[in-house]
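Atom set for the values below is all heavy atoms of this structure, side chains included, hydrogens, waters and symmetry mates excluded. Every chain is numbered from 1, with letters handed out A, B, ... down the list of sequences.
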Number of protein chains: 2
Amino acid sequence: MNELPETMPKTMKAMVLEGHGDMDKLVWHEDWPVPVPQGAEVLIKVLACGLNNTDVNTRSGWYSKSVVAATTGAAYDKVSEDDPAWGGSPVSFPRIQGADVAGIVVACGSDANSTLLGKRVIADTWLRDWDSPLNKNNVGYFGSECDGGFAEYTTVDYRNVAAVVSDLSDAELATFSCSYSTAEGMLNRAQVSSDDTVLVTGASGGVGSALIQLAKRRGAKVVAMASEAKHDGVSKLSPDAILSRNPANLKAALKAAIGRETVSVVADIVGGDYFSTIIDVLARGGRYTCSGAIAGPMVSLDLRTLYLRDLTFTGSTVIPPKVFTDLVSYIEKGEIRPLVAATYSLKNLHAAQQAFIDKKHTGNIVVLP
Amino acid sequence: MNELPETMPKTMKAMVLEGHGDMDKLVWHEDWPVPVPQGAEVLIKVLACGLNNTDVNTRSGWYSKSVVAATTGAAYDKVSEDDPAWGGSPVSFPRIQGADVAGIVVACGSDANSTLLGKRVIADTWLRDWDSPLNKNNVGYFGSECDGGFAEYTTVDYRNVAAVVSDLSDAELATFSCSYSTAEGMLNRAQVSSDDTVLVTGASGGVGSALIQLAKRRGAKVVAMASEAKHDGVSKLSPDAILSRNPANLKAALKAAIGRETVSVVADIVGGDYFSTIIDVLARGGRYTCSGAIAGPMVSLDLRTLYLRDLTFTGSTVIPPKVFTDLVSYIEKGEIRPLVAATYSLKNLHAAQQAFIDKKHTGNIVVLP
């Protein structure tokens, strides 16, 4: 497609990231050009877009090791536009972020599947080389290596898009792709089954609440960790036990909650100073899986614990396409349900992201154009 | 068997560990009782016994986390007899250490396989529950949870023993079981294949030299790291490249040696301050496997590297029985060859172990009763 259909507006409202830094780098525009879908791309009218840590991490430069990183969302004065993002290459600016899109396909590039026109869709956040979709070395992330959903319109390859038949609202649909794919990818990497007891850190957040549901879906026993203020919210997801965020004696807390001091799996998105404590409750042969470190990425590891107890640690970032198609089937079968903590207008993304960073919510925060 | 055959001596020479501590806790005895094989046990006349880090670690109390451990072999004043050994339980004293036995079966308990009588054997170092041999939670280690080979005679379950048909000397045969099983277990855990490039740390030691040979046996490319003084010895094992122990710029050293800055696997027994450097050369999807930490177990880990690069870390300690039987087949087929650095008389174990700790050798050190 060389230009948009005449019926389409040529400009749109968009929140544009103009460089690494604090919230003021996210700048509101009301006359940003609507992207024209090329080749295999479809144009999506964005109905809702969920917030995720990766938006904050990319903005702040947290992924760059040239910056000594503390916790997610902190301001890093030293980060430059040359510093790498999550995948090792710099982000180019200006950039529209926003990975978790729900929307309607309103136009198609010449090579896109036009049966998607008019369908309500969500998008796989992984930009793949579709000639080699399992190649993890040639991928991008929606809203990082290309523009995403913090705008009225966005484009993505039609093979990244799936129509979803569901009664869920747009905001609810916009909570799944990033956080639930991340969570399912972690559980796949840790080979979680009904034999397992899974300790979930950061259980009140998007990935945390997804981990609870997706681990329960597999029949595993789930112990959720969250601050006391969020226990009511987390309990709606029916974990087998809920512990406080950082119990002073985790072994004793587990013993009281589930009858033994150890678990077979830790699914962690928190990291930080508590890392060594959660590693220490893994039974022989236990698995630690990680897709984030909102309390700080630099941790202290005792290699004796790793090797003498035959532990396995798996990092999880780039996820095969099957995770997304599995996720769509779980949504359509009603096996997982969203937990929308709050919605904001896109124009109020600063406030939405501040609420997200403050972590007083349980579940997902979504912006609506 | 209630008592030894009349033809057997009732006492023997043995080096007995009398508690955790420095070398002086290893005390020479010339009238220690020869053990009587019970039930499924066989009595082995020890012909040679190899030295391994686990002997030193158990003696010094290095496995106990109540001690802030530095490097293997350091003296730990605070370790007590109640402190746990490798498996989480205390060692009972007096204890005869020595895991890597080559010897002749000279007597059998009433339930042991008597066809082993007179055979030259080596022993699987893992004491198993033979009703459930894959159960990793109910195991002991030869020379730790029972007496081992630093004596003229020792006993072990006949199912731990394999006759080996080989032209190798007794000393050579006594180098395989502990270190080669450890190495093969690591390579299994990291699923090393001919597609891999494996970086081996501590390549001049027993496990390191085993890792080189066993990874080459799988068809993998091997980059060995060892101090310059040992490069001649290590080169006899035919790694594809040899680097210095801690290159200041490991990526550049790899690029010069193998044409690229990354590897797919790191097999590590060193740990210590260089840990973060070796993790940083793992390509996306790379695997780190560990069975020791002679440069110190406390390491700094950047969780961003683990998760953003989809890494897998595996600790390897308790090994399934198949590793030992595989190893025996490799020996009999001549697919691996020993590297005996020096032999000492058992009575001179202090000197042998000091040489072992000083790490000026390449390969294995063996004591002969």
Side-chain angles (χ1 to χ4, degrees), chain A residues 54 57 62-65 68-69 84-88 135-139 182 185-186 189-190 268-272 275-276 279-280 282-319, chain B residues 54 57 62-65 68-69 84-88 135-139 182 185-186 189-190 268-272 275-276 279-280 282-319:
Chain A
T54 191
N57 292 341
W62 185 86
Y63 291 126
S64 170
K65 289 193 198 173
V68 178
W86 69 271
N135 180 355
K136 292 189 168 188
N137 288 311
N138 192 12
V139 295
T182 300
M186 292 169 75
R189 288 277 281 147
D268 184 33
I269 50 166
V270 173
F275 172 83
S276 58
I279 295 303
D280 220 33
L282 280 167
R284 178 170 299 284
R287 292 97 76 201
Y288 167 84
T289 185
C290 175
S291 73
I294 56 174
M298 301 309 302
V299 298
S300 178
L301 170 64
D302 188 335
L303 289 175
R304 292 173 298 185
T305 312
L306 173 65
Y307 90 83
L308 292 171
R309 229 179 284 165
D310 295 298
L311 302 184
T312 301
F313 294 1
T314 52
S316 184
T317 288
V318 184
I319 299 164
Chain B
T54 191
N57 292 341
W62 185 86
Y63 291 125
S64 171
K65 290 192 197 174
V68 177
W86 69 272
N135 180 355
K136 293 188 169 189
N137 288 309
N138 192 13
V139 295
T182 300
M186 292 169 75
R189 288 278 281 146
D268 185 31
I269 50 166
V270 173
F275 172 83
S276 57
I279 295 303
D280 219 33
L282 280 168
R284 179 169 299 284
R287 293 97 76 201
Y288 168 85
T289 185
C290 175
S291 73
I294 56 173
M298 301 309 303
V299 298
S300 177
L301 170 63
D302 188 334
L303 289 175
R304 292 173 298 185
T305 312
L306 173 66
Y307 90 83
L308 290 172
R309 228 180 285 165
D310 295 296
L311 302 183
T312 301
F313 294 0
T314 51
S316 186
T317 289
V318 184
I319 299 164

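With a 4.5 Å cut-off on non-hydrogen atoms, A:Leu301 touches chain B through its backbone and its side chain both.
For the atom pair A:Asn57 CG and B:Leu308 CG, the distance stands at 8.5 Å (nearest 0.5 Å). Here the OG1-CG distance, from A:Thr314 to B:Leu306, works out to 7.5 Å after rounding to the nearest 0.5 Å. Residue A:Cys290 holds its SG atom at 10.5 Å from CG of B:Leu311, rounded to the nearest 0.5 Å.
Under the 3.5 Å distance criterion, the side-chain polar atoms of A:Thr317 are matched with a main-chain donor or acceptor of B:Tyr307. Judged by distance alone, the side chain of A:Arg304 and the main-chain N or O of B:Trp62 form a donor-acceptor pair under 3.5 Å.
Annotation: salt bridge (Lys or Arg N to Asp or Glu O under 4.0 Å) contacts involving residues 282-298 of chain A, sequence neighbours excluded, comprise A:Asp196-A:Arg287, A:Arg284-A:Asp310.
Cation-pi geometry between A:Arg309 and B:Trp86 is not met: the NZ or CZ atom fails to fall both under 6.0 Å from the ring centre and inside 45° of the normal.
Residues forming a side-chain hydrogen bond (donor to acceptor under 3.5 Å, both in side chains) with B:Ser291 (at least two apart in sequence, or on another chain): none.
Chain A forms the most heavy-atom pairs under 4.5 Å with one residue out of B:Gly271, B:Gly292, B:Gly285, B:Gly87, and that residue is B:Gly292.
A:Ala293 and B:Leu303 make their closest contact through CB-CD1, 4.0 Å (heavy atoms, listed as atom of the first residue, atom of the second, distance).
Residues B:Phe313 and A:Thr312 have side chains not in contact (no heavy-atom distance under 4.5 Å, counting atoms from C-beta outward).
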